[in-house]
S.K.: 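Can you read through this structure? Questions will come right after.
Numbered from 1 within each chain, the chains take letters A, B, ... in sequence-line order. The structure presented is a predicted model; accordingly, all values stated were derived computationally and were not measured.
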Amino acid sequence: MPELPEVETVRRGLVPAFEGALIEKVTLFRPDLRFPFPNEFPARLEGQRVDRLARRGKYIIADLTGGEHLIMHLGMSGRFTVLGQGTPGHYAHQVAGDQHVHAHFQTHTADGGRADVHYADPRRFGFMDLVPQGALETCRHFAGMGPEPLSDDFHPEGLAEALRGKRSPIKSALLDQKVVAGLGNIYVCEALFRARISPRRLAANVGLKRCRTLVPIIKAVLMEAVVAGGSSLRDYAAADGSMGMFQHHFDVYGREGEPCMACGGPVSRLVQSGRSTFFCGHCQR
DNA sequence: AGCCTGCCCTGCGAGC
DNA sequence: TGCTCGCAGGGCAGGC
């Protein structure tokens, strides 16, 4: 899954089941996702309470009372589903019928309710990890990660500085989580279109002036997408199973050959860093 | 040092 | 209908 808006939508969907909840039981249906689960993973979670469910870039972070942080990344196809106590039959059916259930959390929520949360990831690009208290910023997942795009830490001056001298195309630079956290292929394409900046433009040639345009646009695109519940293409759904809606608002993503919303010319596609870029060659310079 | 390519893995739709 | 191919929202190791 995906980019910041989708991860944020999933985080919000998990809050009722996780935040303030006691993790009673953890079951692993296989020993690994992309990487092996941490040693003694279920035992280190069971009996822990989740103080807070946060997000950093495309990661969801559960702060555990015992001190460790549970890091969750959904990769490309990871999906959390929250099932209430009232649907045990439904849950059993899903577990029996779904070959891709890789982890299952049973929680006792703060208001006395119970929830079953399961994580399934067909493509297994996702992973979970445990990080010691106080080591979040220095752990391998977050060391060097760029600012949160929706925070005040992300501003035109900072972006211009991060891009200075960079020889890669702006498209690739914005996908780099060290430049800014949480952006992925969809929202970079959309933001560059709105900013009328060519994805091929060298990052070094996106100076402060263009950053003053680009930064507010990145924030706007992400905020709109969060409000819409993210974008559902193939794998993504929120933790309650609902679909995001922002895919209906794409200007360029996935629209190769279709008319540009601004000039009516055809939307183009090219491959950069092995990924599809969608853009309007007429509007974006 | 920093950039790019290839790879991890499975599923799905398009095209034959 | 059934096969193969290309492609998919991410991140990392390795090579240059």
S.K.: Run through DNA chain C and report every stem of 3 or more consecutive Watson-Crick or G-U pairs, distances under 3.5 Å, ordered by first number.
M.R.: B:2-8 with C:10-16, B:10-16 with C:2-8
S.K.: Looking at A:Arg124, does any N or O in its side chain come under 4.0 Å of the phosphate oxygens OP1/OP2 on B:dG11?
M.R.: no
S.K.: For residues 206-218 of chain A, which side-chain N or O atoms pair as donor and acceptor with protein atoms under 3.5 Å away, sequence neighbours left out?
M.R.:
unit_1   : atom_1 : unit_2   : atom_2 : d
A:Arg212 : NH1    : A:Glu157 : OE2    : 3.0

S.K.: Could you pull out all residues at least two apart from A:Tyr187 that satisfy ring pair (Phe, Tyr, Trp, His ring centres under 6.0 Å)?
M.R.: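 Scan of A:Tyr187 (ring pair (Phe, Tyr, Trp, His ring centres under 6.0 Å), adjacent residues dropped) gives A:Phe246.
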S.K.: Could you measure the distance from the CG atom of A:Leu192 to the NZ atom of A:Lys171? Nearest 0.5 Å is fine.
M.R.: 8.5 Å
S.K.: Residues in ring pair (Phe, Tyr, Trp, His ring centres under 6.0 Å) with A:Phe18, at least two apart?
M.R.: A:Phe105
S.K.: Under 4.0 Å from OP1 or OP2 of B:dC3: is there any side-chain N or O of A:Arg167 that close?
M.R.: no
S.K.: From CZ of A:Phe125 over to C1' of C:dC12, roughly how many Å is that when rounded to an integer?
M.R.: 11 Å
S.K.: B:dG6 and C:dG6: how far apart are their P atoms, nearest whole angstrom?
M.R.: 14 Å
S.K.: For the pair made of CD1 in A:Ile170 and P in B:dC3, what is the distance, rounded to whole Å?
M.R.: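 A:Ile170 atom CD1 is separated from B:dC3 atom P by 12 Å.
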S.K.: Given atom CG of A:Leu74 and atom C1' of C:dA8, what is their separation to the nearest angstrom?
M.R.: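 So the CG-C1' distance, A:Leu74 to C:dA8, works out to 16 Å.
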S.K.: Does A:Lys166 put a side-chain nitrogen or oxygen below 4.0 Å from OP1 or OP2 of B:dG2?
M.R.: no
S.K.: Quick check on contacts: within residues 182-203 of chain A, what sits under 4.0 Å from DNA chain C by heavy-atom distance?
M.R.: A:Gly184, A:Asn185, A:Ile186
S.K.: A:Phe278 CZ to C:dA8 P: how many Å, rounded?
M.R.: 6 Å
S.K.: What pairs meet the ring-ring contact (aromatic ring centres under 6.0 Å, His included) rule with one or both residues in residues 129-171 of chain A, with sequence neighbours excluded?
M.R.: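 Of all non-adjacent pairs touching residues 129-171 of chain A, those that pass ring-ring contact (aromatic ring centres under 6.0 Å, His included) are A:Tyr59-A:His141, A:Tyr59-A:Phe142, A:Phe127-A:His141.
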S.K.: Run the numbers on A:His102 and A:Asp121 for side chain to side chain donor-acceptor pair (under 3.5 Å), then give the verdict.
M.R.: CA-CA 7 Å; A:His102 298 310; A:Asp121 188 354; over 6 Å; no
